[in-house]
There are 2 protein chains.
Amino acid sequence: MNRSTVAEELHAHGARPVPAIDTAALEAAASFFRAAGDVSRLRLLTCLQQGEWCVTELAESLGEGLSTISQRLKVLRGEGLVARRRDGKHILYSLADDHVAALLAAALEHARER
Amino acid sequence: MNRSTVAEELHAHGARPVPAIDTAALEAAASFFRAAGDVSRLRLLTCLQQGEWCVTELAESLGEGLSTISQRLKVLRGEGLVARRRDGKHILYSLADDHVAALLAAALEHARER
DNA sequence: CAAACACTTCATGAATCGTTCAACTGTTGC
DNA sequence: GCAACAGTTGAACGATTCATGAAGTGTTTG
């Protein structure tokens with residue numbers, strides 16, 4: 001019997017076109033996700049969801065070295081997830097924008113749904 | 001002059017409490033982001049945004065080996081980004097839910113904004 | 001039931017990532 | 001200006017991740 005499948009229909013006329021998405025945009029989105037794809041960095045982001053923190057505070061509260069935290073923040077900053085400003089001798093970090101907070105919340109929700 | 005800074009105020013009373021977030025949820029969210037944090041897998045996801053594709057189609061359209069695509073899909077499926085179903089001898093993949101599509105769109109938008 | 005097809009899984013080597021120590025830069029207070 | 005403080009950067013290392021070929025699983029067709 002010749003019951004043709006959905007896939008064969010789609011298949012029949014050669015390769016389906018891949019959606020035209022700017023490689024640079026894709027690359028940037030991937031870097032963004034990769035930056036968020038680490039538990040330690042994610043924990044940092046959840047702190048910053050509450051407001052500004054300086055590096056020393058983060059290090060003390062998380063029980064990690066200053067350099068370690070700084071490196072993690074550097075990655076997050078490189079992908080535009082966090083912003084910073086100087087205040088006296090401290091440097092205060094915060095989430096870059098609401099956009100980031102939203103993505104963070106959405107991912108955590110997706111996580112809890114499993 | 002003794003102009004006390006924002007950071008010193010926050011600093012004064014020991015370590016600030018880290019937000020209480022289930023480590024498992026954080027871990028899951030990180031895995032989710034990590035799965036999305038790769039250009040090749042992201043490209044796969046953008047294909048699936050258009051509907052169902054079988055593995056062979058994806059491989060042909062993207063010009064990659066079958067095994068390569070299959071491995072990438074495995075990662076995405078492991079983190080619940082894509083779903084699959086069998087149709088005849090093909091296996092059709094699609095985005096797991098609208099939730100994923102939304103996260104994808106949000107990240108691509110964030111990417112374009114830079 | 002055997003051959004063909006459509007994948008998946010395993011194993012491996014290459015590349016990338018994350019942490020850490022040491023050295024460096026910038027700011028404040030004496 | 002110099003010592004102390006706050007943070008960044010560079011280099012080295014182990015740990016993870018990614019792509020790929022070979023072998024294995026499941027489905028259909030003759």
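In what follows, chains carry the letters A, B, and so on, assigned in the order in which the sequence lines appear, proteins first and then strands, with residues in each chain numbered from 1.
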**Q** So which nucleotide from dT8(D), dT20(D), dT9(C) ends up closest to the side chain of Thr68(B)?
**A** dT20(D)
**Q** Measure from the side-chain heavy atoms of Lys74(A) and tell me the nearest of dC5(D), dG26(D), dG10(D).
**A** dG10(D)
**Q** Within the 4.0 Å heavy-atom criterion, would you say Ile91(A) contacts the bases, only the backbone, or no part of the nucleic acid?
**A**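 Sugar-phosphate contact only - Ile91(A) comes under 4.0 Å of backbone atoms but never of a base.
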**Q** For dC7(C), take OP1 and OP2 only and decide whether either is under 4.0 Å from a side-chain N or O of Thr56(B).
**A** yes
**Q** Between atom CZ in Arg43(B) and atom P in dC18(D), what is the gap in whole Å?
**A**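 My rounded result for the distance is 15 Å.
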**Q** Within the 4.0 Å heavy-atom criterion, would you say Arg77(A) contacts the bases, only the backbone, or no part of the nucleic acid?
**A** nothing
**Q** Pro19(A) and Gln50(B): which non-hydrogen atoms are nearest, and at how many Å?
**A** CB-NE2, 3.5 Å
**Q** Below 3.5 Å is the cut-off: list the nitrogen or oxygen pairs between protein and nucleotides 15-17 of chain C, distance only.
**A**
| from | atom 1 | to | atom 2 | distance (Å) |
| --- | --- | --- | --- | --- |
| dC17(C) | OP1 | Arg34(A) | NH1 | 3.4 |

**Q** Please tell me which of the listed nucleotides, dG26(D), dA19(D), dT19(C), lies nearest to the side chain of Ser40(A)?
**A** dT19(C)
**Q** I want to verify a distance call: between dT27(C), dT8(C), dT20(C), whose nearest atom is closest to the Leu66(B) side chain?
**A** dT8(C)
**Q** Going by ring-ring contact (aromatic ring centres under 6.0 Å, His included), name the pairs with one or both residues in residues 94-114 of chain A, residues two or more places apart or in two chains.
**A** His99(A)-His110(B), His110(A)-Phe32(B), His110(A)-His99(B)
**Q** Does one hydrophobic cluster hold both Val75(A) and Trp53(A), with members joined at side-chain heavy-atom distances below 4.5 Å?
**A**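 No.
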**Q** Could you tell me whether the side chain of Leu108(B) reaches within less than 4.5 Å of the side chain of Arg112(B), counting heavy atoms only?
**A** yes
**Q** Send over the distance from Arg84(A) CZ to dG26(C) P, rounded to a whole Å.
**A** 12 Å
**Q** 5'-most contact on DNA chain C: Gln71(B) or Val55(B), nearest heavy atom basis?
**A** Val55(B)
**Q** Rounded off to whole Å, could you give me the CZ-to-P distance for the Arg72(B) and dC18(D) pair?
**A** 10 Å
